[in-house]
Amino acid sequence: MRLGITGHRGLSPEVEGQVRVDLTTIVAVYDAEDLVAVSCISDGPDTWFAQAVLDHGGRLEAVIPAAEYRETLPDWHHPVYDELMAQADDVHHTGMKESTPQAHQAGSEVVVGLADQLIAVWDGQPARGYGGTADVIAYAHSVGLPIRVIWPEDTTRD
């Protein structure tokens, strides 16, 4: 099973804790040898999910939205990003250079195209900018990809 991931970044510690538990629970039901995470491995749910799949014994395929993508991620995330990239069995590129909202959406569309299902850490609200989680979900819906939304009850995004 090839599971793509999308989700909000910058979540509160409370929401992060619950989302990590939910992602680990989702991963645990799959046979490790058949499980592939497809992720842009940005900070937040992309990374948590990729790590959960690897910890379970599954594989990782990374999607790089733009050649300059890593530089736009928080500095504290670079070592984690580099470690996950080193563990990726395959790396897919959009061919874009600048890490723009358009490149992020293009990367997410690659994730959707490679996945059998999309896991979405989404609060149900509209995207705060082009290429946000809601836009990725709308694209996945438009191409008929099954979507599994997770969001802790009675919580909001900052």
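- Linking Ile, Leu, Val, Met, Phe, Trp and Tyr whenever their side-chain heavy atoms come within less than 4.5 Å puts V110 and V38 in one cluster.
- Contact between A66 and A103 at its shortest, heavy atoms only, is CB-CB, 4.0 Å.
- Of the inter-residue distances, the one linking Q18 atom CD with E16 atom CD reads 11.5 Å to the nearest 0.5 angstrom.
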Validation: residues 23-30 side-chain donor-acceptor distances under 3.5 Å, sequence neighbours left out:
residue: T24; atom: OG1; partner: R20; partner atom: O; Å: 3.0
residue: T25; atom: OG1; partner: V21; partner atom: O; Å: 2.9

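- Residues M85 and V91 have side chains in contact (heavy-atom distance under 4.5 Å, counting atoms from C-beta outward).
- A salt bridge is defined here as a Lys NZ or Arg NE, NH1 or NH2 lying under 4.0 Å from an Asp or Glu carboxylate O, and D82 with R70 meets this definition.
- Minimum heavy-atom separation, G132 to A127: CA-CB, 3.9 Å.
- In this structure, OG1 on T6 lies 11.0 Å from CZ on R9, to the nearest 0.5 angstrom.
- Inter-residue side-chain proximity for D43 and L73 is flagged as met; some heavy-atom pair is nearer than 4.5 Å.
- Placement of L11 and I150 within a single hydrophobic cluster is found when ILVMFWY residues are connected by side-chain heavy-atom separations under 4.5 Å, directly or transitively.
- Here the closest heavy-atom approach between residue A106 and residue M96 is recorded as CB-SD, 3.8 Å.
- Put simply, W151 and W48 are part of the same group of oily side chains (I, L, V, M, F, W, Y) that touch within less than 4.5 Å, one to the next.
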task: Could you please spell out the steps behind the side chain to side chain contact (heavy atoms under 4.5 Å, CB included) verdict for I64 and H92?
output: CA-CA 6 Å; I64 310 305; H92 307 273; over 6 Å; no

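- In this structure, T94 contributes its side chain and P65 its backbone to a donor-acceptor pair below 3.5 Å.
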message: Please determine whether side chain to side chain contact (heavy atoms under 4.5 Å, CB included) holds for the pair R59 and V53, giving the CA-CA distance in whole Å, both sets of side-chain angles, and the decisive distance to 0.1 Å.
response: CA-CA 7 Å; R59 297 180 298 120; V53 169; 5.9 Å; no

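- Within 6.0 Å of the CD atom in E14, the count of heavy atoms belonging to other residues, nucleotides or ligands does not exceed 12.
- Rounding to the nearest 0.5 Å gives a distance of 8.5 Å between CZ of R148 and CG of D22.
- Closest non-hydrogen pair, I41 versus A62, comes out as CD1-CB, 4.4 Å.
- To the nearest 0.5 Å, the span separating OH on Y69 from NE2 on H104 amounts to 6.0 Å.
- With contacts defined as side-chain heavy-atom distances shorter than 4.5 Å, the pair L35/L3 qualifies.
- More than 12 heavy atoms of other residues, nucleotides or ligands shown are found within 6.0 angstrom of CD on E68.
- Under a hydrophobic-cluster definition in which Ile, Leu, Val, Met, Phe, Trp and Tyr are linked whenever side-chain heavy atoms come within less than 4.5 Å, directly or via other members, V80 and L54 are assigned to the same cluster.
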message: Between V111 and S39, is the side chain to side chain contact (heavy atoms under 4.5 Å, CB included) condition met? List the steps.
response: CA-CA 6 Å; V111 168; S39 173; over 6 Å; no

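- Taken from OH in Y81 to CG in D46, the straight-line distance is 10.5 Å, to the nearest 0.5 Å.
- Considering all non-hydrogen atoms of both residues, T133 and G7 come closest at OG1-C, 3.2 Å.
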Would you be so kind as to tabulate the donor-acceptor pairs closer than 3.5 Å made by side chains of residues 112-123, with sequence neighbours excluded?
residue: D116; atom: OD2; partner: R2; partner atom: N; Å: 2.9
residue: W122; atom: NE1; partner: Q125; partner atom: O; Å: 2.8
residue: D123; atom: OD1; partner: H8; partner atom: NE2; Å: 3.1
residue: D123; atom: OD1; partner: Q125; partner atom: N; Å: 2.9
residue: D123; atom: OD2; partner: R157; partner atom: NE; Å: 3.1

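- I5 and V15 fall within the same hydrophobic cluster, defined by Ile, Leu, Val, Met, Phe, Trp and Tyr side-chain heavy atoms under 4.5 Å apart, directly or through other members.
- Residue H78 qualifies as enclosed at atom NE2: its count of foreign heavy atoms under 6.0 Å is above 12.
- Taking CG from D31 and CE from M1, the interatomic distance works out to 11.5 Å, rounded to the nearest 0.5 Å.
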